[in-house]
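Here is the structure we will look at.
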There are 2 protein chains.
Amino acid sequence: MTVHPQTTRESLSKERLRLWLKLLKTSRSIEDEVRRRLRRHHDWTLPRFDVMSALSRAPDGLKMGEISRMLKVSGGNITGIVDKLTEEGLALRVAIPGDRRAQLVRLTDKGQEMFARHSADHEAWIDDILGGLDADDLGGMIARLDRLTETLLAEDKDAD
Amino acid sequence: MTVHPQTTRESLSKERLRLWLKLLKTSRSIEDEVRRRLRRHHDWTLPRFDVMSALSRAPDGLKMGEISRMLKVSGGNITGIVDKLTEEGLALRVAIPGDRRAQLVRLTDKGQEMFARHSADHEAWIDDILGGLDADDLGGMIARLDRLTETLLAEDKDAD
DNA sequence: CTCAAATATTTCAAGCTTGAAGCAAATGGC
DNA sequence: GCCATTTGCTTCAAGCTTGAAATATTTGAG
């Protein structure tokens, strides 16, 4: 299983490309499936769910920039989504004493409650969708994704 | 490395969720990086690159629906992108003898040439970005992503 | 043959996303 | 303290994306 016929530089490159295409396709498939279920069962949108999910794990709130970095999404984007959540009474902006540029975003009680309803389903869906993977698969993939993430971070510093 | 403290149903679920979040984040990071380089070096857009990439591997052309299934993207979306590529003389639509509903999309010579220029860079970028993974990592991840894909296909048939 | 169902695509509105430009506030070198 | 730089956010145009509805064509059951 860990034996490979050739490990020349060219074949490694090809394998890397192959991995990337597979990673992308898998990721999109799962995302589509989650989006579909979220729409069908809760008439809700994935980006909104993602933002609320980030907020729900930070009882003290998050700055706009923190959200956008966590979700790997541009800043201008978050503004719009938080605006809408705020209009709907699900989130609110709180002033930060020391810094008048930034604000903390927090879920309202209504937001917490709504997220809780969706969140339980979401966990069950993921469990269902990834059900084919056992503990060994999970551990192996997580470890390798972590390694990949390290590479990406190192990349940031000097890459083109 | 393949030993896990607990494999109760709950901890498996949590690991699956953890894996999904990591998968998504990694995928977005790589995609962002590729998008950034494509824009900087070629003033080009990722969706257009993806469509041309699919077309370049099918000298006989692809139907709209085939492209959208390959890229995991909605059909209405492909229409717009192919429209633009066609306007710019990079792709063209060819009638199919037996079926007047569908058309084949093909790259023009100009499209082939343009894609070839971008494609070489793209391969080098992926090699650079995933450079931290050796043959063992690659094999391990590809095998597990394949297993996951099988699960997803099985899912399609009966899932909610 | 006939017509309902399936297939292939386009159209469209609503919403998401990016990247660049702009503004306000905070920071740090001097 | 001053002001150039950095940081945090918003605004905006262009483009992407989805999902649903509309259109056209083909297929298949009877």
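Naming convention: chains lettered A, B, ... in sequence-line order (proteins, then strands); numbering from 1 in each chain.
- Spacing between atom CG of Leu38(A) and atom C1' of dC16(C) amounts to 15 Å, rounded to whole angstrom units.
- Lys84(A) has its NZ atom 10 Å from the P atom of dA14(C), to the nearest Å.
- Closest approach to the Arg100(A) side chain among dC16(D), dT18(C), dA25(C) is made by dA25(C) (side chain taken as heavy atoms from C-beta onward).
- Atom P of nucleotide dC16(D) and atom CZ of Phe49(B) are separated by 15 Å, given to the nearest angstrom.
- Whole-Å rounding puts the Asp43(B) CG to dG19(C) C1' distance at 12 Å.
- Between the side chains of Arg57(B) and Ser53(B), at least one donor N or O sits under 3.5 Å from an acceptor N or O.
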Run the side-chain donor-acceptor check on residues 76-84 of chain A: report pairs under 3.5 Å with partners two or more places apart or on a different chain.
| from | atom 1 | to | atom 2 | distance (Å) |
| --- | --- | --- | --- | --- |
| Asp83(A) | OD1 | Arg93(A) | NH1 | 3.1 |
| Asp83(A) | OD1 | Arg93(A) | NH2 | 3.0 |

Heteroatom pairs (N/O) under 3.5 angstrom, protein to nucleotides 6-10 of chain D:
| from | atom 1 | to | atom 2 | distance (Å) |
| --- | --- | --- | --- | --- |
| dT7(D) | O2 | Arg101(A) | NH1 | 2.7 |
| dC9(D) | OP1 | Met64(A) | N | 3.2 |
| dC9(D) | OP2 | Gly65(A) | N | 2.6 |
| dT10(D) | OP1 | Arg93(A) | NE | 3.4 |
| dT10(D) | OP1 | Arg93(A) | NH2 | 3.1 |
| dT10(D) | OP2 | Thr79(A) | OG1 | 2.8 |

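- Rounding to whole angstrom units, CZ of residue Arg39(A) and P of dC16(C) are separated by 10 Å.
- The two atoms that bring Leu24(A) and Ser27(B) nearest to each other are CD1-OG, 4.0 Å, heavy atoms only.
- What separates CG of Asn77(B) from C1' of dC16(C) is a distance of 12 Å, to the nearest Å.
- Residues Arg117(B) and Glu113(B) approach most closely at NH1-OE2, 2.9 Å, considering heavy atoms.
- Taking atom CG of residue Leu85(B) and atom C1' of nucleotide dG15(D), one finds them 13 Å apart after rounding to whole Å.
- Contact annotation for Gly98(A): backbone-only contact, meaning every heavy-atom pair under 4.0 Å involves sugar-phosphate atoms and none involves a base.
- For Arg69(A), there are no side-chain hydrogen bond (donor to acceptor under 3.5 Å, both in side chains) partners, not counting sequence neighbours.
- What separates CG of Leu46(B) from P of dT18(C) is a distance of 12 Å, to the nearest Å.
- Both tests pass for Arg48(A) against the ring of Trp44(A): distance under 6.0 Å to the centre and angle within 45° of the axis.
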